[in-house]
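Values in this document were obtained by computation on a predicted structure and should not be read as measured data. In what follows, residues are counted from 1 in the order of the sequence shown.
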Amino acid sequence: MMMSRSHGKRERERDRISELPEPLIQHIFSFLPIKSVVSTSVLSTKWRYYWKSTPSIDLREWRSPDTSIGIYQEEVNRFMGFVDRLLSNRQDVHSPSIQKFGLYFDTYFDISRVKGWISTVLRHKVEELALMDRKHIVFPPCLFTCESLTVLEIYIRSLELPESVNFPKLKILRLNVSLFDDIDEQMIQKLLSSSPILEELSLDVRICKIPYLSICGPNLKRLFINGPLCWDFNIHINAPNLQSFRYSRVLANDFVLHNFSTLVAAEVVLTNPVPIDSRGSGELGGLARKLFGSLSYVKHLTISDYSLKLLSYENHFQTSLPSFYYLTHLEVTSASLYFGYSCRDEGKLPCWIVGILLDFLHISPNLKSLVFAEGFPHYESNNNDSWSPDFLPQCLLLHLKSIEFRGFFWNEFEKDLVRFLMKNSKVLERVKITISGRSVLSTSSNYRKKVVNDILLFPVGSGKCSIQIS
C-alpha cells in the first residue's frame, strides 16, 4: 500500500506537458490565436521558447477592447513591435517554417511594415494565408505569384491585382470584397483562371455594382456565394464537378446555371431584400425556379422559409421543376437565423411555410429525413385546412424514416403538424422533438411527460416509430 501511494505521488508530480513530443505541441498551437500560443511559455521550461518557432501564426484576434483613439494607437504600436520581434527570427530561409499566417490590420498600421511582414511569410513558402484589411492597401505583387499557397483568405474593400497572377497550388479561395465595376468582375475571372486546381471558392460580396458575374471552375467542388441585400446583376456558374453549394441573400437579376450532376449538399437561404424588391412575384418565382432547377441532383438540401415562398410565386412549380429524385435529407430553416436581422420572433418559421413545403415534397419522392430547424410561435386556426390526405407526397408513404422538430413551443399548430406527419408517414422510424427554451412548457419539470401524453393520443401510420423529446 505504501508503494502504491508513493507511485501515485510520483505520477502526480510528473511533468506530462513537457513530455509531449514537439510535433504534437506545434499541432496544438495551430488551432490557437497567437496570444494563447505565447501564454503557453509559462507552462513549463521546455515550452518557454516553443511559441517562437510555431508554424502557425494567427494575428487576427489581437485587438484591444479600448475605443479611445490615442490608447488604441499605442496598442497598435506595441502590437507592431511584437510582430517585428516575432518575425525577426524568420528572416532567413533556414529559420523555422511558417505554414499558416493570419493578420488583421487597419488605418492605424504602418503600411510598409505590413507589406514587410507579408513578404517575410511569403519567402517562407507559407501555405495558408488570411489577411483582414481595413487599410485598403495594395498588396505586394509577390503575393499573387506565390507557388506554395494552398489556402488564401482576403477580407478587403477593393482588391487590386498585378498583371501577373499565378496560384498553381491554390485549392481554397475565400474573398470578402466589394465589386464596383467591370474591372472587379474581370478580377474574379482572373483569379479563377490563374488557379487551375481550385476546389473551393467562397465569395462574400458587401457592395455590388457590376452587371455580370461569371464563375467558371472545372475543378470547383465547393462554391459559397453570399451577397448584399440588393443584387442588380446576372450570374453565370459553370462548375461541372460541384459537390457543395450555398447561395444566400437575394435573387440576382438572372441566372445561367449548368446542371450540377455531382451535387451532394446545397443551401439556398434567400431573404427579403431591403428595400423591398420592385420585381413582380411572377418574375421572382421564375428566377427561383431557375435556381432550384439546377439543383435537382442534390442529396442534402437546406432551404429557408423565404426561398420556399419565392418558389411558390411560380405557378405550379411542381410541374415546371424537375423532380428531386436523389434528395434524401431536407432541412427547412428561417433566413433570420443566418443573417441576424431584427424581426418579431426572430428565427421562427412562419405557419404558411408548411403548405408550400408539402408541395415541394411532391417532387422529392425519395426523401428519408426531414428537419424543421425552428418552431412556429404563432398560428392561425385555419391554416392547416390544405393538409389533405388525398394528396400525400410519395415520400411520406414509402421512404420518410426520420423527422426532427427543433425549438418547438408545442402550441396547437405544432401539435397538428406533428400529428399530421406521424399519421401519414407510413415507414417512419424516428421522431425527435426539442422544446424551445422560450416555451412556457420548458419551465415545467415534467414537460417530457406532457408532450408524450399528447403524442400517445396521435394516430400513428408506422408501427415501429421511436420518439425522443428534449
Side-chain angles (χ1 to χ4, degrees), residues 246 265-267 269 299-308 327-340 343-358 360-361 364 367-380 383-384 387 393 395-396 399-470:
R246 182 171 67 242
E267 295 180 28
V269 186
K299 297 177 177 63
H300 298 258
L301 176 63
T302 297
I303 187 171
S304 70
D305 45 7
Y306 198 74
S307 302
L308 278 171
L327 184 62
T328 58
H329 176 84
L330 176 63
E331 180 170 335
V332 184
T333 187
S334 171
S336 58
L337 283 176
Y338 281 71
F339 307 124
C343 65
R344 189 179 69 171
D345 299 308
E346 179 177 349
K348 307 304 176 184
L349 290 170
C351 296
W352 48 256
I353 205 67
V354 176
I356 304 174
L357 174 63
L358 290 175
F360 188 79
L361 294 185
S364 308
L367 191 71
K368 295 181 180 179
S369 174
L370 175 63
V371 175
F372 293 90
E374 284 294 332
F376 301 80
H378 294 288
Y379 59 94
E380 297 79 26
N383 61 357
N384 58 356
W387 305 352
C395 61
L396 297 187
H399 299 290
L400 190 65
K401 295 183 178 181
S402 173
I403 308 177
E404 183 174 352
F405 306 92
R406 300 174 187 165
F408 266 35
F409 290 75
W410 206 237
N411 55 44
E412 292 304 317
F413 179 88
E414 293 170 341
K415 291 179 186 179
D416 286 346
L417 176 60
V418 175
R419 181 187 293 110
F420 173 83
L421 290 174
M422 289 187 65
K423 175 184 177 180
N424 295 293
S425 300
K426 304 303 182 182
V427 296
L428 195 61
E429 297 179 358
R430 172 181 174 271
V431 171
K432 181 177 180 181
I433 301 173
T434 304
I435 301 299
S436 170
R438 295 166 57 189
S439 168
V440 175
L441 185 63
S442 67
T443 61
S444 173
S445 59
N446 62 342
Y447 70 91
R448 287 187 180 89
K449 183 178 179 181
K450 292 182 178 181
V451 175
V452 169
N453 287 341
D454 285 335
I455 292 179
L456 288 176
L457 300 177
F458 294 172
V460 180
S462 170
K464 55 177 181 178
C465 180
S466 65
I467 301 172
Q468 179 181 349
I469 302 168
S470 61

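- For the pair E429/K464, a side-chain contact is recorded, criterion being any heavy-atom separation below 4.5 Å from C-beta on.
- Taking the side chain as every heavy atom from C-beta outward, V332 and F360 never approach each other to under 4.5 Å.
- Here the shortest heavy-atom pairing between L349 and P377 reads O-CD, 4.0 Å.
- Annotation: side chain of I469 is not in contact with side chain of W410 (no heavy-atom distance under 4.5 Å).
- Within 6.0 Å of the NZ atom in K426, the count of heavy atoms belonging to other residues, nucleotides or ligands exceeds 12.
- Between S425 and I403, the shortest heavy-atom distance links the atoms OG-CD1, 4.0 Å.
- When all heavy atoms of F420 and N424 are compared, the pair lying nearest together is O-ND2, 2.8 Å.
- The CD1 atom of I353 sits 4.5 Å away from atom CG of L308, with the distance rounded to the nearest 0.5 Å.
- Counting heavy atoms from C-beta outward, I467 and V451 have side chains that stay 4.5 Å or more apart.
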| said: Working note: V452 + K449, criterion side chain to side chain contact (heavy atoms under 4.5 Å, CB included); need CA distance, chi angles, decisive distance, verdict. | reply: CA-CA 5 Å; V452 169; K449 183 178 179 181; 5.7 Å; no
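- A 4.5 Å side-chain heavy-atom check between H329 and V371 finds at least one atom pair inside the cut-off.
- Considering CD1 of I303 and CD of E267, their distance stands at 11.5 Å, rounded to 0.5 Å.
- Of the inter-residue distances, the one linking L428 atom CG with S466 atom OG reads 8.5 Å to the nearest 0.5 angstrom.
- Side-chain contact check for R406 and T434: no donor-acceptor pair (N or O, by modelled atom type) lies under 3.5 Å.
- Considering only heavy atoms from C-beta on, L357 comes within 4.5 Å of L330 through its side chain.
- Residues S369 and K401 fail the side-chain proximity criterion, which asks for heavy atoms closer than 4.5 Å.
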| request: Begin with the C-alpha distance, continue with both residues' side-chain angles, and end with the deciding distance and a verdict on side chain to side chain contact (heavy atoms under 4.5 Å, CB included) for F372 and L421. | output: CA-CA 12 Å; F372 293 90; L421 290 174; 3.9 Å; yes
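- In this structure, H399 NE2 and T328 OG1 are separated by 11.5 Å, a value rounded to the nearest 0.5 Å.
- Annotation for C395 and S364: closest pair CB-O, 3.4 Å, computed over non-hydrogen atoms.
- Between the side chains of S307 and S304, at least one donor N or O lies within less than 3.5 Å of an accepting N or O.
- Taking the six-membered ring where tryptophan is involved, the planes of F408 and F376 are perpendicular, since the angle between them exceeds 60° and thus also 30°.
- Side chains of M422 and I455 form a contact here, defined as non-hydrogen atoms less than 4.5 Å apart.
- Of the inter-residue distances, the one linking E414 atom CD with S439 atom OG reads 8.0 Å to the nearest 0.5 angstrom.
- Minimum heavy-atom separation, K432 to S470: CE-OG, 4.4 Å.
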| task | List the steps and the verdict of side chain to side chain contact (heavy atoms under 4.5 Å, CB included) for R438 and F409. | result | CA-CA 7 Å; R438 295 166 57 189; F409 290 75; 4.0 Å; yes
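- In this structure, the side chain to side chain contact (heavy atoms under 4.5 Å, CB included) partners of K450, at least two apart in sequence or on a different chain, are L441, S444, N446.
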